[in-house]
Protein chains: 2
Amino acid sequence: MHLQLNFKSGKPAYLQLAEQIKYAAATGVLRPGEALPSIRPLAEDLRINRNTVAKAYAELESEGVIETRQGKGCFVTENNSPLRKAVRQEIVSEAIDYAIVQAHHLQIPPEEFIELVKGRLEHFRTETEKPSTSKAGD
Amino acid sequence: MHLQLNFKSGKPAYLQLAEQIKYAAATGVLRPGEALPSIRPLAEDLRINRNTVAKAYAELESEGVIETRQGKGCFVTENNSPLRKAVRQEIVSEAIDYAIVQAHHLQIPPEEFIELVKGRLEHFRTETEKPSTSKAGD
DNA sequence: CGAACTGTCCTAATGTCATATGACAGTAAT
DNA sequence: ATTACTGTCATATGACATTAGGACAGTTCG
């Protein structure tokens with residue numbers, strides 16, 4: 001697993017870290033039960049404070065992505081598909097929430113929003129597998 | 001136009017104000033060219049600082065909702081073309097597409113995605129109805 | 001037991017955000 | 001020009017988030 005921080009992004013280091021690990025867990029790069037890098041070595045490796053890593057891990061634990069045991073380490077949650085599914089939904093929910101907030105700001109009612117979503121979904125369905133799409137906005 | 005602030009919401013006063021005015025402008029309660037309340041009287045009326053109102057107005061100007069002229073006042077923008085329905089849908093569609101791509105990346109099927117959207121929509125609906133919160137999340 | 005590892009808690013320095021105050025600048029009417 | 005209105009800017013304060021360092025607690029191995 002490759003972890004990298006962007007200090008110029010303005011996004012807190014502990015959030016970047018949590019996000020990357022969460023993503024790795026959701027996509028299977030990190031398997032359930034697998035141990036995460038220990039707090040201190042990882043912090044040293046990333047040139048950040050141990051507590052920053054600890055905060056990222058705490059965030060992940062509160063989201064149910066990992067499990068930490070004092071004196072032993074941190075591990076990806078064992079629960080096979082059910083919990084990983086929840087994690088995936090969590091990630092997508094963040095993106096959905098962003099879209100919903102945008103819609104609300106632009107005075108687009110929920111029904112119209114749903115229709116928009118269906119429309120876009122249909123649009124993607126007809127284009128099936130195209131390697132387009134990495135326009136990340138942040 | 002009725003403006004009211006909720007100091008317990010945890011949301012900044014200047015954002016609440018900006019949002020309400022933006023909504024008024026979008027729904028036609030405030031018509032293009034119409035003058036907004038002057039900064040000082042409005043601030044006094046709402047029992048907040050002038051600069052808090054000024055910040056709300058500055059935010060609205062940066063979004064193109066209003067236009068301010070020093071010494072004269074603030075006015076709703078004459079041509080809010082950016083609020084045209086098609087344009088609004090375009091903007092939101094981008095955010096939706098991003099979420100869809102994420103879902104596809106995480107192998108969440110369309111039906112599940114739709115359900116997620118509905119769930120989040122419901123979540124927001126019930127949240128805005130109950131402004132009493134213990135912890136303000138953003 | 002002690003040493004070396006694991007995570008955890010407490011507290012402080014720093015930066016940023018929201019807000020408040022005072023001084024300043026443009027406009028209009030007298 | 002004066003006066004009274006308009007918005008604007010620089011700055012200070014208080015709250016909170018982020019990060020950092022020291023001391024503490026649980027685990028494992030020798």
Side-chain angles (χ1 to χ4, degrees), chain A residues 3-21 25 30 33-78 138, chain B residues 3-22 30 33-77 133-138:
Chain A
L3 296 173
Q4 188 164 1
L5 299 180
N6 178 4
F7 295 99
K8 287 168 247 162
S9 74
K11 193 169 283 185
Y14 83 96
L15 279 185
Q16 292 185 43
L17 195 49
E19 189 171 322
Q20 288 179 34
I21 294 176
L30 278 176
E34 190 174 343
L36 277 78
S38 308
I39 287 183
R40 269 162 241 246
L42 178 55
E44 200 168 326
D45 188 42
L46 295 173
R47 310 264 159 63
I48 59 181
N49 192 274
R50 327 160 228 156
N51 265 353
T52 304
V53 176
K55 189 167 187 180
Y57 281 15
E59 175 75 20
L60 289 169
E61 183 171 34
S62 79
E63 294 177 28
V65 180
I66 71 175
E67 215 169 5
T68 92
R69 278 175 313 200
Q70 185 161 344
K72 300 188 121 182
C74 297
F75 307 86
V76 178
T77 316
E78 269 293 355
D138 206 330
Chain B
L3 296 174
Q4 187 164 3
L5 299 180
N6 178 4
F7 295 98
K8 284 168 261 167
S9 73
K11 193 169 284 188
Y14 84 96
L15 279 183
Q16 292 185 44
L17 195 49
E19 189 169 322
Q20 287 180 36
I21 293 175
K22 182 158 60 172
L30 278 175
E34 190 173 343
L36 276 78
S38 307
I39 286 182
R40 268 163 245 247
L42 178 56
E44 199 168 326
D45 188 42
L46 295 173
R47 309 265 159 69
I48 59 180
N49 192 273
R50 324 160 238 173
N51 261 358
T52 304
V53 177
K55 191 168 186 178
Y57 281 16
E59 175 74 20
L60 289 169
E61 184 172 32
S62 78
E63 294 179 26
V65 179
I66 70 175
E67 215 169 6
T68 91
R69 276 173 321 201
Q70 185 161 341
K72 302 188 117 181
C74 298
F75 308 87
V76 178
T77 314
T133 65
S134 50
K135 164 188 169 184
D138 211 274

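Note on naming: letters A, B, ... go to the chains in the order of the sequence lines (proteins, then strands), and numbering restarts at 1 for each one. Keep in mind it's a predicted model, so treat the numbers as computed, not measured.
Between A:Asn51 atom CG and C:dC10 atom C1' there is a gap of 10 Å when expressed in whole angstrom units. Distance, B:Leu17 CG to C:dA18 C1': 14 Å, rounded to whole Å. Protein atom NZ of A:Lys72 is 14 Å distant from nucleotide atom C1' of D:dC29, rounded to whole Å. We find that CD of B:Gln70 is positioned 5 Å from C1' of C:dG26, with the value rounded to whole Å. Summarising the geometry, the separation between CZ on A:Arg50 and C1' on C:dT6 is reported as 13 Å, rounded to the nearest angstrom. B:Tyr14 has its OH atom 17 Å from the C1' atom of D:dT8, to the nearest Å. Taking atom CZ on B:Arg69 and atom P on D:dT8, their separation rounds to 12 Å, with Å as the unit. Rounded to whole Å, atom C1' of C:dA18 lies 12 Å from atom CD of B:Gln16.
Direction of the helix axis in the helix from C:dC1-D:dG30 to C:dT30-D:dA1 shifts by 10° between the two five-pair termini, rounded to 10°.
Although no hydrogens or angles enter the test, the distance criterion places a donor-acceptor pair under 3.5 Å between the side chain of A:Gln20 and the main chain of A:Gln4. One N or O on the side chain of A:Gln16 and one on the backbone of A:Lys11 form a donor-acceptor pair closer than 3.5 Å. The main-chain N or O of A:Val65 is found under 3.5 Å from a side-chain atom of A:Thr77 such that the two form a donor-acceptor pair.
Residue B:Ala58 is out of contact with every strand shown, counting any heavy-atom pair closer than 4.0 Å.
The closest side-chain heavy-atom distance from A:Ile21 to A:Tyr57 is below 4.5 Å.
Look at B:Lys55 and you won't find any side-chain N or O under 4.0 angstrom from OP1 or OP2 of C:dT19. Look at B:Thr68 and you'll find a side-chain N or O under 4.0 angstrom from OP1 or OP2 of D:dT8.
Separation of atoms SG (B:Cys74) and CZ (B:Arg69) is listed at 10.0 Å; rounding is to 0.5 Å.
Counting non-hydrogen atoms of neighbouring residues, nucleotides and ligands closer than 6.0 angstrom, the CD atom of B:Glu34 exceeds 12 such neighbours.
At a non-hydrogen distance threshold of 4.0 Å, B:Ile48, B:Asn49 from residues 33-49 of chain B come into contact with DNA chain C.
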Inset, instruction - Determine, step by step, whether B:Ile66 and B:Thr68 satisfy the side chain to side chain contact (heavy atoms under 4.5 Å, CB included) criterion, reporting the C-alpha distance in whole Å, the side-chain angles of both residues, the deciding distance to 0.1 Å, and the verdict. - result: CA-CA 7 Å; B:Ile66 70 175; B:Thr68 91; 4.2 Å; yes
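Taking B:Glu67 as the reference, nothing meets the side-chain hydrogen bond (donor to acceptor under 3.5 Å, both in side chains) condition, with sequence neighbours excluded.
The shortest heavy-atom contact between B:Ala18 and B:Glu59 is CB-CG, 4.3 Å.
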